[in-house]
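The structure appears right after this line, and notes come after that.
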There are 2 protein chains.
Amino acid sequence: MTDEQGLRERKKQRTRQALSDTAIELFLRRGFEKVSVADVAAAVEVSKPTLFRYFPAKEDLALHRIADHQGEAARVVSDRVSGQAPLAALRAHFHARLDAHDPITGLNDDARVRAFNDMLYTTPSLLARLVRYSDRDEELLAGALVEAGDGDGLTARLAAAQIITVHRRLAEENWRKLAEGRAIADALPEAHADADRAYDLLGAGLGAEYDR
Amino acid sequence: MTDEQGLRERKKQRTRQALSDTAIELFLRRGFEKVSVADVAAAVEVSKPTLFRYFPAKEDLALHRIADHQGEAARVVSDRVSGQAPLAALRAHFHARLDAHDPITGLNDDARVRAFNDMLYTTPSLLARLVRYSDRDEELLAGALVEAGDGDGLTARLAAAQIITVHRRLAEENWRKLAEGRAIADALPEAHADADRAYDLLGAGLGAEYDR
DNA sequence: GAATCTTTTGTTACTCGGTTGCATTTTCCG
DNA sequence: CGGAAAATGCAACCGAGTAACAAAAGATTC
């Protein structure tokens with residue numbers, strides 16, 4: 001029943017976890033750029049090449065938690081109840097994540113989460129890496145949309161691109177609200193409204209505003 | 001009448017040009033990652049710190065031409081004839097750039113341009129830098145849309161994000177067509193159709209496909 | 001449980017992008 | 001011409017990431 005995978009595998013997972021945890025700990029305390037990978041490696045008592053065998057780049061030490069959300073949008077579309085439109089499922093899901101104060105929505109006032117988001121949105125190299133994760137997400141979502149039936153490949157890819165982009169923008173928008181010092185109780189209703197606005201635009205187009 | 005700015009300024013501009021030109025030359029010949037900045041500096045007979053005084057990062061040596069297009073979308077919106085909708089102006093502009101085989105559309109079969117695009121779309125760090133240029137573009141476009149009157153700030157930012165994203169996707173789509181070996185005469189009509197499809201989606205929304 | 005095979009690790013040394021401090025040269029300007 | 005200001009070169013440095021090879025540790029077989 002337990003997923004016993006042998007001592008070796010267990011150790012590897014523990015090392016991986018320790019590296020990521022320690023790294024984030026240090027990053028939050030001293031800032032991403034003020035911590036060298038050598039520092040992280042030393043703190044975990046591991047050599048530098050070993051660290052890079054676990055994480056391909058310094059940025060991934062900070063982002064691999066986010067990587068766990070990989071393909072979430074695609075999953076929402078694939079797993080939606082039959083009869084529901086993809087966009088409706090995504091909209092509902094986003095609202096739910098908002099209510100759950102999911103960090104990926106940018107709207108979470110836990111001190112550590114906020115510090116993490118601040119770091120994320122103010123460190124160019126982290127943002128760049130985040131975009132690359134988003135690209136993969138977009139690809140997966142496009143696949144799920146094609147699977148969903150309507151539209152050709154191009155339409156699906158365009159739609160996926162727009163959707164993922166809007167998610168990123170909404171998260172950034174929410175983070176900005178908090179960064180401006182607003183309380184989460186104050187910002188949450190607005191965040192819901194923003195999300196609805198965004199999904200209205202996605203669904204009905206920019207036409208009403210910019211095409212006539 | 002001439003923009004005589006003194007010997008100093010002229011020399012600086014020439015050095016800058018020489019650096020960019022030589023760098024692109026070398027990048028196209030041997031590949032971006034196989035050329036070190038030291039190589040470029042040596043070829044131009046300039047020291048490494050001097051090179052970095054002209055270009056903040058290696059990627060900018062390759063991309064600063066593209067940077068000249070900075071704010072193009074915003075300009076199209078600002079300069080549109082009165083009475084024309086922003087989205088209509090952007091659509092028309094994109095079609096025009098397509099017909100002009102503008103490299104930024106991805107649809108250009110000149111050997112050097114193709115080589116450059118191949119490099120651009122297959123080198124992660126270049127793509128990452130391109131995204132950062134796009135961010136600036138997006139910001140400017142959002143400003144222009146606010147200026148254009150309709151819609152609040154959030155709507156403008158969302159719209160700008162979607163538009164810039166779609167442009168990137170279309171360019172990538174076009175590049176892919178050529179990369180698959182298709183002739184430009186063959187791909188051009190399809191590119192126009194793709195652009196119309198994309199702008200239809202932007203204007204009328206994903207609704208018809210994914211929201212009901 | 002020893003012998004062996006395989007995977008993981010550490011060490012050392014390296015490449016490359018980018019920066020710093022300082023002395024030197026070059027342009028500008030009175 | 002002479003000196004202030006700007007641009008350059010030099011040398012040394014930092015940090016991310018990699019290569020080579022030897023050492024260690026887990027897995028496997030008898």
Side-chain angles (χ1 to χ4, degrees), chain A residues 2-20 22-24 26-27 29-64 119 123-130 132, chain B residues 2-20 22-24 26-27 29-64 119 123-130 132:
Chain A
T2 67
D3 31 345
E4 289 285 349
Q5 293 148 331
L7 173 56
R8 192 177 261 165
E9 207 57 33
R10 256 179 298 145
K11 266 198 166 179
K12 267 169 60 174
Q13 267 173 289
R14 244 182 311 168
T15 303
R16 188 179 170 78
Q17 197 62 41
L19 280 170
S20 171
T22 312
I24 291 177
L26 293 176
F27 291 160
R29 185 155 48 203
R30 313 211 310 258
F32 182 75
E33 307 181 304
K34 295 274 187 67
V35 178
S36 74
V37 295
D39 292 339
V40 177
V44 184
E45 293 185 299
V46 145
S47 74
K48 203 170 53 150
T50 294
L51 183 152
F52 281 109
R53 280 176 200 122
Y54 282 90
F55 295 90
K58 184 186 181 187
E59 287 75 24
D60 298 303
L61 282 166
L63 292 180
H64 105 283
M119 172 175 85
T123 308
S125 69
L126 285 176
L127 222 37
R129 202 74 172 188
L130 185 65
R132 288 186 53 183
Chain B
T2 67
D3 30 348
E4 287 285 347
Q5 292 146 335
L7 173 57
R8 187 117 104 201
E9 208 56 33
R10 254 179 298 144
K11 263 198 166 179
K12 267 169 61 175
Q13 266 174 286
R14 242 181 308 158
T15 302
R16 191 180 167 77
Q17 198 62 42
L19 279 170
S20 172
T22 312
I24 291 178
L26 292 176
F27 292 160
R29 186 155 48 203
R30 313 211 310 257
F32 182 76
E33 307 182 303
K34 297 275 188 65
V35 177
S36 75
V37 294
D39 292 339
V40 177
V44 183
E45 294 185 296
V46 146
S47 73
K48 204 170 49 151
T50 295
L51 183 153
F52 281 108
R53 281 177 200 121
Y54 282 92
F55 295 92
K58 184 187 180 186
E59 287 74 25
D60 298 304
L61 282 167
L63 292 181
H64 106 281
M119 173 176 84
T123 308
S125 69
L126 285 177
L127 223 37
R129 202 75 173 188
L130 185 64
R132 289 186 53 187

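The model shown is predicted, which means the values in this text are computed figures rather than measured ones. A, B, ... follow the sequence lines: proteins, then strands. Residue 1 opens every chain.
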Can you measure [X] atom [atom1] to [N] atom [atom2] for me and round it to whole angstrom units?
{"X": "Arg16(A)", "N": "dT9(C)", "atom1": "CZ", "atom2": "P", "result": "12 Å"}
{"X": "Phe32(A)", "N": "dA16(D)", "atom1": "CZ", "atom2": "C1'", "result": "10 Å"}
{"X": "Lys58(A)", "N": "dA16(D)", "atom1": "NZ", "atom2": "P", "result": "4 Å"}
{"X": "Phe27(B)", "N": "dG17(C)", "atom1": "CZ", "atom2": "C1'", "result": "12 Å"}
{"X": "Arg10(A)", "N": "dT8(C)", "atom1": "CZ", "atom2": "C1'", "result": "16 Å"}
{"X": "Phe55(B)", "N": "dG17(C)", "atom1": "CZ", "atom2": "P", "result": "15 Å"}
{"X": "Leu51(A)", "N": "dG15(D)", "atom1": "CG", "atom2": "C1'", "result": "13 Å"}
{"X": "Lys34(B)", "N": "dC16(C)", "atom1": "NZ", "atom2": "C1'", "result": "15 Å"}

Checking all strands, does [X] fall into the base, sugar-phosphate, or nothing category for heavy-atom contacts under 4.0 angstrom?
{"X": "Ser36(B)", "result": "sugar-phosphate"}
{"X": "Lys12(A)", "result": "sugar-phosphate"}
{"X": "Val35(A)", "result": "sugar-phosphate"}
{"X": "Glu45(B)", "result": "sugar-phosphate"}
{"X": "Lys48(B)", "result": "base"}

Worksheet item: Donor-acceptor pair, Arg129(A) side chain versus Asp60(A) backbone, under 3.5 Å?
Response: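 Checking the backbone N and O of Asp60(A) against the side chain of Arg129(A), no donor-acceptor pair under 3.5 Å is found.
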Practice prompt. Keeping the roles fixed (side chain from Thr15(B), backbone from Lys11(B)), state whether a donor-acceptor pair exists under 3.5 Å.
Written response: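 A pair under 3.5 Å: yes.
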Discussion item. Counting only side-chain heavy atoms from C-beta out, which of dG9(D), dG10(C), dG17(C) sits nearest to Ser47(A)?
Written reply: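 So the nucleotide nearest the side chain must be dG10(C).
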Discussion item. The side chain of Ala57(B) is closest to which nucleotide in this list: dG26(D), dG18(C), dG17(D)?
Written reply: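 Among the listed nucleotides, the one closest to the side chain of Ala57(B) is dG18(C).
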Less than 4.5 Å apart, any side-chain heavy atom of [X] and any of [Y]?
{"X": "Phe27(B)", "Y": "Leu61(B)", "answer": "yes"}
{"X": "Thr50(B)", "Y": "Arg53(B)", "answer": "yes"}
{"X": "Ser20(A)", "Y": "Tyr54(A)", "answer": "no"}

Worksheet entry | 5′-ward residue of the pair Tyr54(B)/Glu33(A) relative to DNA chain D |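 Whichever sits nearer the 5' end wins; that is Tyr54(B).
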Item to complete: Name the residue closer to the 5' end of DNA chain D, choosing between Pro49(B) and Arg53(A) according to the nucleotide with the nearest heavy atom.
Response: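 Looking at DNA chain D, the more 5' nearest nucleotide goes with Pro49(B).
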